[in-house]
Amino acid sequence: MILRKGHSVKETGLTKWEIVHAPKTIRSVRNILSHNVDQLKAGLSGRIIYVSLSYAISLQVIKVFSEDGTSRALEVPNDTTALNVCQLLIKKNHCIDDQNWTMFEQLPALCLERIIEDHELIIEVQSKWDMEEDCRFSIRKYYAKYEFFKSPEDYFPDLMLSYSNEVNGTSKSLDTLKMLLSTTTYPEVHTYLYMSEKGKKSWKKQFFVLRRSGLYFSTKGTSKDPRHLQFFSDFSQCNIYILLSARRMYGAPTDYGFCLKPNKTGGAKEMKLLCAESEESKSCWVTALRLYKHGKQFYQNYLRPHQNNDVNGFNLSAMRSISENSLVAMDFSGHKTRVIENPTEALSIAVQEGLLWRVCMIVYSYYILLQVT
């Protein structure tokens, strides 16, 4: 493990004596470190150094909560998707692998949560968190995750959906799913919603229209005339969250609330609140926003087959639980370094070396820190 600022004695795996005296040890070998790593290897000839896998792979730490409130810390590469994390936890917890396991981003202080789509990079999501916000990841089964693709007609009643054909400009009946995924048609979702903005307690009922260019509301009844449509939000730059306590937390007229929050640091100050008149209407709007935001990628997530050990070439072994041993035995005694893959050999050498390997690990860790800084 590399020594990092803020690590406790328990987290580093070192004793208090080693941490206190490590700087003195480093000063005593500073001349060696100032030259090159070959001299360092020569000085440690015949020793086994335990090097963190983080050296070879850029890993980040995330914490994932379960429904029972327990959490698990994981080290994951930067290109880890939400699906990768789901599969890792499914494997470690010996759960049945199906498409219902879902990663959520939760903001408890704001009573918000959203589905993290399977293709989203989990570290990228975490990087957008504001230091002042209480944010966390959670995992649970969510059976409505891809329910839309199984029965799309149940999500979009005729009175909430309209479309036109790009070629002749006339309306015609099309398969709902094909229409929403098509690039040659421009379906619209429209109905009344209540709207508000963070910091305002008043809610106003307006006729909303969702188009590929953004979300609008009409200033004159149900008119869709461009003169009467006012821009409300660009959903491509926002994430769609569910209001977990719309009435109590935000004074909404119903419990069927959702919001659009900019996917950037400090986005909570600019989020826009919406409230539907029924659960069906809310599901329609949230699904439509997910479709319009992620496009065909959303459908590909649904079609993507789940595999046990690899998803599109992604190796689950690259992700590791913090609770597991994250060190690998390295032999620097020869002209070339090698990984000791035989556990028996590694254990035998480690026992013979005693505490010497711990001193070597301190030296190598500080060497890495000197290189970084």
Side-chain angles (χ1 to χ4, degrees), residues 53-54 56-67 71-107 112-130 133 135-149 181 235-242 261-265 267 286-287 289-324 326:
L53 290 177
S54 299
I57 304 173
S58 178
L59 300 178
Q60 301 288 338
V61 178
I62 64 171
K63 181 182 285 188
V64 183
F65 287 82
S66 302
E67 285 187 277
S71 64
R72 190 161 190 167
L74 303 170
E75 278 187 335
V76 299
N78 290 331
D79 59 350
T80 302
T81 65
L83 177 61
N84 298 146
V85 176
C86 281
Q87 289 201 314
L88 175 66
L89 293 174
I90 288 170
K91 181 179 179 180
K92 290 187 176 296
N93 295 324
H94 308 288
C95 298
I96 298 176
D97 189 0
D98 58 33
Q99 287 185 309
N100 296 318
W101 286 103
T102 307
M103 286 287 294
F104 287 85
E105 178 189 6
Q106 297 180 329
L107 287 74
L112 301 178
E113 77 169 12
R114 78 173 181 94
I115 294 173
I116 303 177
E117 305 299 345
D118 285 345
H119 68 277
E120 289 189 69
L121 299 178
I122 208 74
I123 298 302
E124 184 176 315
V125 173
Q126 185 171 263
S127 69
K128 302 292 179 62
W129 288 353
D130 195 318
E133 292 179 351
C135 305
R136 68 183 190 179
F137 294 122
S138 70
I139 183 172
R140 68 173 185 268
K141 280 199 173 187
Y142 182 62
Y143 294 96
K145 182 178 181 180
Y146 293 123
E147 190 64 26
F148 161 73
F149 295 109
L181 297 175
F235 51 83
S236 64
Q237 301 300 320
C238 297
N239 288 322
I240 303 99
Y241 292 81
I242 300 297
K261 176 178 169 292
N263 53 359
K264 62 181 182 180
T265 302
V286 171
T287 302
L289 288 166
R290 290 172 66 198
L291 275 168
Y292 278 45
K293 177 178 174 62
H294 301 290
K296 289 190 174 181
Q297 179 64 61
F298 186 26
Y299 187 49
Q300 291 171 1
N301 292 345
Y302 166 69
L303 295 177
R304 180 181 298 156
H306 285 221
Q307 302 176 5
N308 291 329
N309 297 318
D310 189 88
V311 180
N312 291 339
F314 190 93
N315 187 5
L316 288 180
S317 64
M319 299 186 291
R320 302 173 64 85
S321 170
I322 294 296
S323 61
E324 298 174 351
S326 61

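Since we're looking at a predicted model, the values are computed, not measured.
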### Message
Could you check whether any side-chain N or O of K63 sits under 3.5 Å from a backbone N or O of R136, counting only pairs where one atom can act as donor and the other as acceptor?
### Response
no

### Query
Should N84 and V76 be marked as a side chain to side chain contact (heavy atoms under 4.5 Å, CB included) after you check the CA-CA gap, both sets of side-chain angles, and the distance that decides it?
CA-CA 9 Å; N84 298 146; V76 299; over 6 Å; no

### Task
State whether the side chain of E120 and the backbone N or O of E117 hold a donor-acceptor pair below 3.5 Å, judged by distance alone.
yes

#### Entry: Considering all heavy atoms, the nearest W101-K145 contact
O-NZ, 3.1 Å

### Query
Does K128 use its side chain to pair, donor to acceptor, with the backbone of P262 at less than 3.5 Å?
no

### Message
Tell me every residue that passes side-chain hydrogen bond (donor to acceptor under 3.5 Å, both in side chains) with Q237, counting only those two or more places apart in sequence or in another chain.
### Response
none

### Task
With side chain to side chain contact (heavy atoms under 4.5 Å, CB included) as the test, would you mind laying out the steps for Y241 and L107 before giving the verdict?
CA-CA 10 Å; Y241 292 81; L107 287 74; 3.7 Å; yes

### Rounded distance [0.5 Å steps], CG in N263 versus CD1 in I240
9.5 Å

#### Entry: Closest non-hydrogen atom pair between K293 and C238, with its separation
NZ-O, 2.9 Å

### Task
Go through the structure and list residues passing ring-ring contact (aromatic ring centres under 6.0 Å, His included) with Y142, not counting sequence neighbours.
F104

### Query
Got a sec, which residues hit side-chain contact (heavy atoms from CB on, under 4.5 Å) with L121, two or more places apart in sequence or on another chain?
T81, E124

### Message
If I take atom CG from residue L112 and atom CG from residue N239, how far apart are they, to the nearest 0.5 angstrom?
### Response
11.0 Å

### Task
Determine whether Q300 and H119 make a side-chain contact, defined as any pair of heavy atoms from C-beta on separated by less than 4.5 Å.
no

### Query
Looking at side-chain heavy atoms only, is the closest gap between I123 and T80 below 4.5 Å?
no

### Message
Please give me the minimum heavy-atom distance between Q126 and V61, naming the atom from each residue.
### Response
NE2-O, 3.4 Å

#### Entry: All salt bridge (charged side-chain N to carboxylate O under 4.0 Å, His left out) counterparts of E105, not counting sequence neighbours
R114

### Atom of I116, atom of A82 and distance for their closest heavy-atom approach
CG2-CB, 3.8 Å

### CD1 on I122 to SG on C86, rounded to 0.5 Å
8.0 Å

### Query
Who passes salt bridge (charged side-chain N to carboxylate O under 4.0 Å, His left out) against K141, sequence neighbours left out?
D98

### Query
Who are the side-chain contact (heavy atoms from CB on, under 4.5 Å) partners of S236, not counting sequence neighbours?
D234

### Message
So, taking the atom named CG in L88 and the one named CG in L83, what distance separates them when rounded to the nearest 0.5 Å?
### Response
11.5 Å

### Task
Given side chain to side chain contact (heavy atoms under 4.5 Å, CB included), test M103 with V64 step by step and report yes or no.
CA-CA 9 Å; M103 286 287 294; V64 183; 4.2 Å; yes

### Task
Mark yes or no for whether S127, through its side chain, and V125, through its backbone, hold a donor-acceptor pair below 3.5 Å.
no

### Message
As an exercise, state the distance from CZ of R140 to CZ of F65, rounded to the nearest 0.5 Å.
### Response
14.0 Å

#### Entry: is_close_aromatic(Y302, F148), centroid dist under 6.0 Å
no

### Message
Within the structure provided, determine whether V85 and I139 are in side-chain contact (heavy-atom separation under 4.5 Å).
### Response
no

### Message
Please evaluate residues Y146 and N301 with respect to the criterion side chain to side chain contact (heavy atoms under 4.5 Å, CB included), reporting the C-alpha separation (whole Å), side-chain torsions for both, the decisive distance (0.1 Å), and the verdict.
### Response
CA-CA 9 Å; Y146 293 123; N301 292 345; 3.1 Å; yes

### Query
To the nearest 0.5 Å, how far apart are SG in C95 and CG in L89?
8.5 Å

